[in-house]
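Side chains included, hydrogens not; waters and symmetry mates left out as well; all remaining heavy atoms used.
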Amino acid sequence: MGQLLSIWKSTSNVEYHQVSKEENNVDLNETPEEGNRRDADNMMMHMKSDRASELSYMEISHIMNTDLQNGLNGSESERRRKINGFNEFEINGEEPLWRKYIDQFKDPLIMLLLASALVSVIMRQYDDAVSITVAIVIVVTVAFIQEYRSEKSLEALTKLVPPKCHCLRDGKLSTFLARELVPGDIVYLSIGDRVPADLRLFEAFDLAIDESSFTGETEPASKITDHLKIKKNNGITHRKNIAFMGTLVRCGNGKGIVVGTGENSEFGEVFKMMQAEDPPKTPLQISMGILGKQLSFYSFCIIGVIMFLGWVQGRAMLEMFTIGVSLAVAAIPEGLPIVVTVTLALGVMRMAKKRAIVKKLPIVETLGCVNVVCSDKTGTLTKNEMTVTQIHTPDGQYAEVSGVGYNAEGDIYCNNELIHPTTHSSFSKVVEAGLVCNNAQIRDGTLLGQPTEGALVALAMKLNLHDSRSEYIRLQEWPFNSETKLMAVKCLHKVYQNSFNGISSPNEVFFVKGAIERVLQQCNTYSVLDDALHISQNVQKEIYHEASLMGRAGLRVLGLARGPSMSELSFLGMVGILDPPRPQVRESITTLIGSGVSIKMVTGDSEETACAIGGRLGLHAAGGHTMSGEEIDNMDIADLQRAIIPITVIYRASPRHKHKIVKALQANGSIVGMTGDGVNDAVALRSADIGIAMGKGGTDVCKEASDMILVEDDFYTIMSAIEEGKGIFYNIKNFVRFQLSTSIAALTLITLSTIMRLPNPLNAMQILWINIIMDGPPAQSLGVEPVDHDIIHQPPRRVKDPIITRKLLLNVIISAFIIVSGTLWVFWREMLDNKITPRDTTMTFTCFVFFDMFNALSCRSQTKSIFTIGFLTNRMFIIAVGGSIIGQLLVIYFPPLQSIFQTEALYAQDFLLLIALTSSVFWLSEIKKCIERTIEKRKLRKQEKFYEEYV
């Protein structure tokens with residue numbers, strides 16, 4: 001971080017200056033109109049943050065030619081965008097494709113093959129030289145396509161989470177992609193936002209911004225709006241009136257003028273220096289790389305033995321050298337890490353289509369290991385479509401509210417009588433308090449703000465009190481947070497506006513809303529009509545009793561109060577807000593619990609409300625275990641570690657409790673997925689094994705800290721992501737099995753032929769063709785096998801489970817044994833005259849390739865029959881195998897390829913023989929799977945019988 005700070009200090013002290021006509025090579029004889037246009041364009045240029053901090057915001061507004069009240073208009077912003085470009089980072093100097101292609105030839109094994117081709121030319125064996133060269137081109141092209149595909153997949157991932165901003169355009173506050181910002185735009189900041197560009201602040205209310213990514217300081221920096229006099233060598237920590245691009249708003253809100261976008265921002269200066277950094281490899285890539293090195297070592301040992309035996313037997317050294325190098329290319333799985341990356345990236349893209357955005361590839365493999373999911377209630381398990389359905393006042397009046405959605409449709413009834421503001425003042429005061437202590441807006445049925453506040457605005461619309469907010473001038477706001485569990489505003493009624501003198505006044509009024517117990521703690525009276533009566537313990541018990549009944553009905557309860565000061569509040573009443581469960585959530589919870597995943601609901605609601613919702617979702621049965629945030633506070637990690645296991649509902653919990661919950665569960669050895677949407681959830685999301693942020697309701701802070709983002713904030717998507725994670729890992733195991741069986745079979749075939757003093761059954765070109773099949777489309781198509789939906793019912797995978805298990809290795813050995821035995825038999829059958837001919841090698845070569853195709857078919861699933869999963873369910877596999885077979889036919893029948901691969905045409909009966917023989921690897925695999933499934937079913941029946949008899 002110190003290094004990063006030094007970079008910032010060295011790049012951020014460039015002074016802004018007005019460019020003169022002479023400096024800018026401007027024609028001194030230009031017309032006034034041309035000069036005005038040039039000056040206007042100069043005003044739209046970027047300004048360094050050090051210079052912007054020294055000027056007042058009014059000067060900045062003048063220089064940028066912008067209106068603080070209305071912002072830029074559409075045509076002007078478009079014109080500035082054409083001049084300044086988009087607010088994004090363009091990676092220039094990308095290596096051209098031709099250079100990437102040439103780099104493929106730098107592989108040591110490819111260079112050895114090139115040397116072999118050169119030796120063939122020197123020895124005037126031109127046919128061999130041409131054949132080897134063509135093979136090299138094919139192998140290099142396939143490797144290049146694989147790498148290019150991997151890069152493009154990863155590039156697509158970076159575009160899945162476009163940052164958004166709140167900008168004033170044409171006098172209206174709009175939300176759009178941050179890349180659309182231009183210098184001079186007016187940007188609104190609120191708690192949880194990521195700053196979309198360098199901003200010169202002109203409003204800041206308790207605004208504090210996390211600048212740790214720049215400064216290394218853990219404490220958020222408080223922001224001001226006054227201009228500063230900064231010494232030339234001071235760094236960005238002194239620019240307290242600038243909000244820097246990429247930083248996070250921790251609390252408060254503010255407004256600012258865009259002075260730097262894209263690479264012209266302070267963040268952009270660092271980006272220019274860091275864009276050449278290579279991304280780190282994923283854990284799976286690292287483990288696969290280790291596996292590749294181990295296989296390479298054993299392969300080289302075997303190849304060395306083959307070449308030594310050939311030399312002892314007096315075979316041509318050039319032939320043995322070419323065969324050895326070709327075997328190395330075929331046997332060493334150099335494409336394994338690339339295939340893993342492509343498979344993970346394609347899996348991430350599939351998750352994106354299911355509305356789950358995975359930010360980092362390693363998370364894909366971790367998803368299949370999650371055995372505990374801690375989920376928020378609101379918006380994740382429920383719809384987060386809040387509707388007020390009940391109103392209670394402390395004088396015992398009760399009202400029912402009809403209508404759903406963020407609109408005025410619906411009525412309010414008390415004792416079957418329609419409520420009017422003039423006839424039922426007690427209810428009017430509750431509704432007014434909920435509206436004034438509120439930041440949400442509803443425009444044309446669209447909610448702008450938090451759903452809970454939107455429900456209160458809709459309630460005011462139903463009572464025709466939606467204009468009440470305009471009667472007050474807000475002087476100060478105390479935002480809701482998870483610790484206080486309430487929001488408060490200090491206002492001045494417009495009737496008394498003229499008497500306002502900037503100090504405390506008896507005409508000021510405070511409005512408060514929040515959790516019922518927190519609001520009641522602040523109140524010393526309660527309102528009955530126009531009177532304020534002292535709250536006795538009996539009154540408090542009655543209020544809590546009513547709140548408890550509402551909570552048991554699954555309603556979220558909010559208390560409302562008002563008064564001349566925070567120490568003189570009068571309780572007005574409470575509202576019950578309904579948030580219905582999301583569809584498919586109950587089924588998802590049941591499925592995950594059945595597969596061994598523990599689900600824990602974490603909510604700030606009361607115990608009654610939390611248990612009622614948990615019961616509806618099938619998460620919490622009567623008599624189930626619950627825990628409160630207060631209980632968590634009173635426990636250390638060791639105590640919580642023991643107590644947390646049976647808990648299904650955690651109520652009155654705050655984000656700091658979430659972090660403690662994660663640590664306790666991880667201490668138990670659990671792999672934890674934690675959801676969150678608020679700023680204070682960031683710590684828990686970062687510490688969890690899988691941090692899951694809400695895409696709609698989540699703040700930029702939690703999205704940044706998370707590993708996965710739910711676009712629709714739906715718990716069902718979590719189950720789909722876990723299912724996908726399990727499926728991807730099994731797909732990786734499938735093509736590892738295929739590659740290993742092919743590599744072992746090729747090495748064993750040549751080794752046995754050399755030991756038995758037989759001619760080489762495959763030449764160098766044919767071995768390289770087999771390598772293309774092993775590392776190319778057929779292998780990759782196994783990585784995109786559709787997810788088997790039954791896999792979600794399997795228990796979570798343990799993190800330390802190896803890829804190559806004993807069962808997988810047994811399958812590899814069996815497949816390799818069948819391939820080698822069948823191929824050697826064909827070679828022996830064809831070479832009865834002890835003379836090797838093109839027909840002999842063609843039959844042997846085609847036999848091995850067909851074995852590979854049927855082996856790939858059997859590798860599509862480790863447990864299920866291909867007749868169960870379907871032949872046509874993986875279109876990529878059909879295309880890949882079909883293309884490989886067509887390529888094999890071209891090698892056999894196309895004259896130019898015949899000369900390169902040294903093959904000749906086969907007859908129809910030859911293919912019938914080969915298909916009958918090579919399909920044996922598929923049929924034996926099917927029989928083995930059938931036997932294993934039968935044994936598994938017997939075990940399950942025995943277990944069920946045991947439970948019936950003894951449990």
Pairing residues for [X] by the side-chain contact (heavy atoms from CB on, under 4.5 Å) criterion, not counting sequence neighbours:
{"X": "I885", "answer": "M853, V881, L889"}
{"X": "F922", "answer": "F854, L857, S858, I866, F867, E926"}
{"X": "N734", "answer": "N731, Q862"}
{"X": "I791", "answer": "E723, K726, Y730, V787, Q794"}

Which pairs pass salt bridge (Lys or Arg N to Asp or Glu O under 4.0 Å) with one or both residues in [range], sequence neighbours excluded?
{"range": "residues 864-889", "value": "D788-K864, D790-K864"}
{"range": "residues 806-827", "value": "K807-E932"}
{"range": "residues 903-923", "value": "R839-D910"}

Looking at [atom1] of [X] and [atom2] of [Y], how far apart are the two atoms once the value is rounded to the nearest 0.5 Å?
{"X": "S925", "Y": "N811", "atom1": "OG", "atom2": "CG", "answer": "6.5 Å"}
{"X": "I732", "Y": "L782", "atom1": "CD1", "atom2": "CG", "answer": "12.0 Å"}
{"X": "T844", "Y": "L914", "atom1": "OG1", "atom2": "CG", "answer": "9.0 Å"}
{"X": "M843", "Y": "F911", "atom1": "CE", "atom2": "CZ", "answer": "9.0 Å"}
{"X": "I770", "Y": "F845", "atom1": "CD1", "atom2": "CZ", "answer": "6.0 Å"}
{"X": "T903", "Y": "Q898", "atom1": "OG1", "atom2": "CD", "answer": "5.0 Å"}

task = Enumerate the residue pairs fulfilling side chain to side chain donor-acceptor pair (under 3.5 Å) with a member in residues 880-896, sequence neighbours excluded, ordered by first and then second residue.
result = W769-Q888, T846-Q888
query = L809 and T805: side-chain contact (heavy atoms from CB on, under 4.5 Å), yes or no, with the steps?
reply = CA-CA 6 Å; L809 191 59; T805 59; over 6 Å; no
ask   = Testing L762, I836, L749 for side chain to side chain contact (heavy atoms under 4.5 Å, CB included) with F827, which one passes?
value = I836
Using a 3.5 Å distance criterion without hydrogens, assess whether the side chain of [X] forms a donor-acceptor pair with backbone atoms of [Y].
{"X": "S919", "Y": "A916", "result": "yes"}
{"X": "T873", "Y": "G870", "result": "yes"}
{"X": "S815", "Y": "V812", "result": "no"}

[X] versus [Y]: any side-chain heavy-atom pair under 4.5 Å?
{"X": "T837", "Y": "E830", "answer": "no"}
{"X": "K929", "Y": "T934", "answer": "no"}
{"X": "S781", "Y": "I879", "answer": "no"}

request  = Determine, stepwise, if the pair L924 / I814 fulfils side-chain contact (heavy atoms from CB on, under 4.5 Å).
outcome  = CA-CA 9 Å; L924 288 173; I814 292 173; 5.8 Å; no
Locate the shortest heavy-atom distance separating [X] from [Y]; write the atom from each residue and the value.
{"X": "F848", "Y": "A746", "answer": "CZ-N, 3.7 Å"}
{"X": "R737", "Y": "S861", "answer": "NH1-O, 4.2 Å"}
{"X": "Q902", "Y": "Q766", "answer": "O-NE2, 4.1 Å"}
{"X": "A816", "Y": "I744", "answer": "CB-CG2, 3.8 Å"}
{"X": "C847", "Y": "L917", "answer": "SG-CD2, 4.1 Å"}
{"X": "S920", "Y": "F851", "answer": "OG-CE2, 3.8 Å"}

ask   = Should V358 and E724 be marked as a side-chain contact (heavy atoms from CB on, under 4.5 Å) after you check the CA-CA gap, both sets of side-chain angles, and the distance that decides it?
value = CA-CA 11 Å; V358 176; E724 190 74 38; over 6 Å; no
task = Applying side-chain contact (heavy atoms from CB on, under 4.5 Å), run through M708 and I357 and close with a yes or a no.
result = CA-CA 6 Å; M708 185 171 77; I357 297 173; 6.0 Å; no
ask   = What residues form a salt bridge (Lys or Arg N to Asp or Glu O under 4.0 Å) with R860, not counting sequence neighbours?
value =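 Scan of R860 (salt bridge (Lys or Arg N to Asp or Glu O under 4.0 Å), adjacent residues dropped) gives E785.
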request  = Only counting residues at least two apart or in another chain, list the ones meeting side chain to side chain donor-acceptor pair (under 3.5 Å) with S741.
outcome  =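 Once residues adjacent in sequence are excluded, the partners of S741 under the side chain to side chain donor-acceptor pair (under 3.5 Å) criterion are N855.
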